[in-house]
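Order of listing sets the numbers, starting from 1, for every ligand and every atom in it.
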Amino acid sequence: MTNVKVVEKKHLFINGRDVEADNYAPLYSPYSDEVIADIAMADEHLTKEAIKAAQEAFLVISKMAAFERSAILEKVVELLKERADEAAEVIAIESAKPISFAKGEVTRTIETYKFAAEEAKRIHGETIPFDAAPGGVGRIGYTVRKPIGVIGAITPFNFPMNLVAHKVGPAIASGNSIVLKPASQTPLSALYIAELFKEAGLPDGVLNVVTGSGSVVGEAIIKDDRVQMITFTGSPAVGIGIRNKAGLKKTTLELGSNAAVILDKDTNIDQVIDRCILGAFSNQGQVCISLQRVYAHEEVYDQFVEKFVEAAKQLKVGNPLDPETYISSLISKKETERALSWIEEAKQNDAVVLAGGKLKDGILEPTVITNVDPLLKVSCQEVFAPVVIVNKVKSVEEAIGYVNNSRYGLQAGVYTKNIDHALFASEALEVGAVMINDIPTFRVDNMPYGGVKESGTGREGLKYAVEEMTEMKLIVWNRGDK
Ligand code: NAP
């Protein structure tokens, strides 16, 4: 079915070349359990070799002109456009992301590198009005933004190409070098992109991909003094551990959530069903801003539940390489078992499963649960599976209380035609971003993106990631003799 070459062994990518490791581990397809490739498992020594290469390459990339860095990123855009179908298959095979969504991820990855290429050309500081202070008279000065050095990037499995792009793109745009540790389940997308950068003329050592386990490779990157910043996307538990160990290193943490949408009483239900299906079930719900909780006003609740359940039951479950498939396997059997146990807990506590809740050919069906107590795991923790809860509320204000009663705060959505309700919600919701008349799952790649509470710190989106990956430096000229 696929024409992607099955590569026996995938090595580390250090200093622009393939480097063998002492150990390799089989990579299995989450859907078929077949072995896809043998992946190098780096140890601490090899990780340090990658950091050394990045440190040396920083001297090259940090002196490269903005137009040259931009041109390399533009070239990657071109190459990825040419190979978009092949790249989508890589994503689908290693992560079981249905191919239609994998193609969507490649399209977004292209946009992300395009934005990075554009951003490379507008990194600048500002002039400072020194004479605003009596002591500053006779001075002129300005800030510049300097790259910070070696960036350690640690990425998750759920968007294995675009979330790598959100780290590699701005790092190169701003003149930094990178040691990238992709998720163990999805190393192929990262290695694929590294090859494109080599072809695009990126100097050796600027991008290094070190595959292996989080506790070995990740820890070695975090502990190393030559690494100036850790940019991490993944689970809150690992993110908090990184923050505790990072010391004075800069950290950007893009973590999880249990994102919610509020449906006010004037919502046109027919217009929101498709968006809510996409928000809840794309990539099997394995999206950090996946729609996990719906709070529907009592006047529209019954209508929404009926139509949403009906639509959820229509989604095709199956092989990720089938263009008709909407839902495929979760990333591992362990995750499937966990999601099932959370659904079981809900059932034991008076919640009602109206769709799904069980496996079909080993795949968790799209699941809709109502009447869910806020303390149940499917509501208060990040479910990261095709599971959505729908609860009835009497007002937008009551719904906001439920949304905010969460450890997380990434994004939230509110459907309403009432501008007072929209304004109130946009101010009161404790999240990184509020979507008025949309689902919380909305994202384009240039917007500032990040959360509050246990959803993380710092922002991605090219311009904002470049800010995080550069240091401000002030230059002051004394033009008088004082
Ligand atoms: P994860 O288990 O936290 O893993 C993320 C990365 O951290 C992987 O590369 C993993 O390596 C590595 N890692 C594991 N233990 C480590 C350690 N002790 N030190 C350093 N690195 C370590 O997350 P995941 O299951 O891949 O991804 C799902 C999570 O990511 C969800 O919580 C989701 O919400 C979040 N996410 C957030 C965003 C956002 O932008 N806010 C976007 C996407 C996903 P191994 O694979 O080798 O364990």
Side-chain angles (χ1 to χ4, degrees), residues 25 27 30 39-42 44 47 94-95 97 105 108 112 152-167 179-190 209-224 227 230-246 249 251-259 282-292 330-332 334-335 338-339 381-385 406-411 431-433 440-441 443 445 447-461 464-465:
L27 178 67
I39 305 297
M41 300 297 283
E44 193 177 341
T47 309
E94 69 176 352
S95 71
K97 178 171 289 194
E105 179 173 349
R108 280 190 48 194
T112 302
I154 303 176
T155 50
F157 72 82
N158 63 332
F159 284 86
M161 212 168 267
N162 196 33
L163 292 180
V164 162
H166 269 284
K167 301 188 184 310
V179 177
L180 168 67
K181 187 246 165 298
S184 289
Q185 181 56 47
T186 55
L188 301 180
S189 299
V209 183
V210 187
T211 52
S213 92
S215 53
V216 176
V217 178
E219 292 276 333
I221 294 173
I222 297 156
K223 278 193 319 210
D224 199 297
V227 176
I230 302 291
T231 169
F232 171 80
T233 302
S235 61
V238 175
I240 291 165
I242 289 175
R243 183 69 176 246
N244 289 338
K245 288 175 219 146
K249 284 185 178 65
T251 49
T252 295
L253 303 176
E254 300 289 344
L255 311 178
S257 78
N258 56 351
S282 60
N283 199 24
Q284 287 88 254
Q286 299 168 124
V287 180
C288 46
I289 38 176
S290 190
L291 174 56
Q292 183 175 329
L330 287 176
I331 200 67
S332 67
K334 199 170 143 224
E335 285 299 298
R338 176 192 56 76
Q381 296 196 26
E382 180 180 36
V383 69
F384 227 56
S406 170
R407 292 149 60 190
Y408 306 112
L410 198 45
Q411 298 199 150
V431 287
T441 325
R443 182 179 186 187
D445 294 284
M447 72 186 217
Y449 183 77
V452 299
K453 303 199 235 175
E454 284 186 34
S455 291
T457 58
R459 292 293 178 267
E460 288 194 336
Y464 310 93

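- Every N/O-N/O distance between T233 and ligand 1 stays at or above 3.5 Å.
- Relative to the six-membered ring of Y449, R459 misses at least one condition, a distance below 6.0 Å or an angle of at most 45° to the axis.
- With a 4.0 Å cut-off on non-hydrogen atoms, A237 does not touch ligand 1 at all.
- Looking at I331 against ligand 1, nothing comes within 4.0 Å, counting heavy atoms.
- Scored by the side chain to side chain donor-acceptor pair (under 3.5 Å) test, R108 finds D445 as partners (sequence neighbours excluded).
- Proximity of I289 to ligand 1, defined as any heavy-atom pair under 4.0 Å, is not found for any part of the residue.
- Which of T155, L410, V238 comes nearest to atom 6 (C) of ligand 1 through a heavy atom is settled by distance: it is T155.
- Inclusion of G214 in the set of residues having an N or O under 3.5 Å from an N or O of ligand 1 is warranted.
- Between A220, G234, G450, it is G234 that holds the heavy atom closest to atom 35 (C) of ligand 1.
- At least one N or O atom of E382 sits closer than 3.5 Å to an N or O atom of ligand 1.
- Atom 27 (O) of ligand 1 has P156 CB, 3.3 Å as its closest protein atom, hydrogens excluded (heavy atom only).
- Remark: K181 pairs with no residue by the salt bridge (charged side-chain N to carboxylate O under 4.0 Å, His left out) rule, at least two apart or across chains.
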